[in-house]
Amino acid sequence: MNKFIQARTEEIKYHESFYLESTLFEPGTWLARPVKIVLKMLDLLNNPNIRILDLGCGVGRNSIPIAQIVKNLNGMITCVDLIPTAIDLLIENSRKYNVQDQIIAEVADAEEYLITPREFDYIVACSCLEHVSSVEALKMVVNRMITGTKDNGINAILMSTEVKEIDIETQETADGLIELNLETDRTILLLENLYHGWEILYKSYLPQSMKEKKYDKEIEFKSNWITFVARRRGGIS
Ligand SMILES: C[S@@+](CC[C@H](N)C(=O)[O-])C[C@H]1O[C@@H](n2cnc3c(N)ncnc32)[C@H](O)[C@@H]1O
């Protein structure tokens with residue numbers, strides 16, 4: 001099995017079983033709360049009829065709170081995920097939190113997902129772009145995000161780089177089995193180049209570590225977590 005297919009198969013297996021075992025906003029899990037900066041950016045975007053895209057939305061950790069915030073603005077959020085189970089649970093969660101009218105849910109690979117030019121005010125890709133097949137694919141998706149953003153609209157990219165996985169029992173360390181395991185500096189540089197002419201609102205990376213059940217083992221997942229947020233200046237194409 002080639003490395004990409006192996007990584008993709010494990011990612012799907014991990015996310016499917018994790019989503020089925022956990023509930024949205026469950027304390028002690030990574031679903032416990034939305035990512036602060038992802039919600040914070042909405043303060044800059046409180047326009048009526050706001051349109052948002054969440055690539056790799058999962059079960060709605062960010063999409064549901066975003067939908068709650070934009071409900072009064074007649075906002076809509078399009079939520080895209082590769083895994084049908086994630087989308088089924090997202091739809092369930094949207095009903096549970098009474099935001100089903102704000103959500104358009106689609107099963108799709110971010111790499112294949114076409115975005116209409118200037119369609120969205122805000123595009124979020126939170127832990128999604130490290131799951132595409134190559135650097136070229138990453139650039140293609142980011143370029144679609146860029147073209148798909150309205151003037152003064154915002155893109156927020158959060159992604160893991162330099163991923164290592166440590167077998168907790170044996171303490172053996174290996175490069176993370178993830179579709180695209182890029183160097184941190186190279187990724188930041190790539191994003192800076194792609195977003196040339198945009199206003200960079202936030203750019204950082206932080207070491208992160210979390211426990212995961214993967215390959216039928218307890219794994220410590222370690223990475224540098226990049227947060228990159230940029231705003232399209234009005235009038236720039
Ligand atoms: C770590 S989860 C994060 C989910 C959500 N963004 C959040 O922050 O809670 C990564 C999600 O990306 C989805 N995903 C992975 N590869 C994808 C791809 N190529 N296209 C769309 N979604 C993808 C997975 O199915 C999973 O739900």
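As the structure lists them, so they are numbered: ligands from 1, and atoms in each ligand from 1.
Annotation: D81 places an N or O atom under 3.5 Å from an N or O atom of ligand 1; distance criterion only. Here's the thing with C126: one of its N/O atoms is less than 3.5 angstrom from an N/O atom of ligand 1. Below 3.5 Å of separation, one finds an N or O of R61 facing an N or O of ligand 1. For L55, no nitrogen or oxygen atom sits less than 3.5 Å from a nitrogen or oxygen atom of ligand 1, counting backbone and side chain alike. Geometrically, ligand 1 and G56 share a nitrogen or oxygen pair separated by less than 3.5 Å.
Checking each of T149, T147, D151 against R118 for a side-chain hydrogen bond (donor to acceptor under 3.5 Å, both in side chains) leaves exactly one that passes, namely D151.
Remark: K150 NZ is packed, more than 12 non-hydrogen atoms of other residues, nucleotides or ligands lying under 6.0 Å away.
The closest protein non-hydrogen atom to atom 22 (N) of ligand 1 is L82 N, 3.3 Å.
Those atoms of ligand 1 with a heavy atom of D109 less than 4.0 angstrom away are 18 (C), 19 (N), 20 (N).
Applying the side chain to side chain donor-acceptor pair (under 3.5 Å) criterion to D185, with sequence neighbours excluded, gives no partner residue.
Ring geometry for Y19 versus H15: interplanar angle of 30 to 60°, hence tilted.
The nearest non-hydrogen atom to atom 12 (O) of ligand 1, considering only A125, C79, S127, S160, comes from S127.
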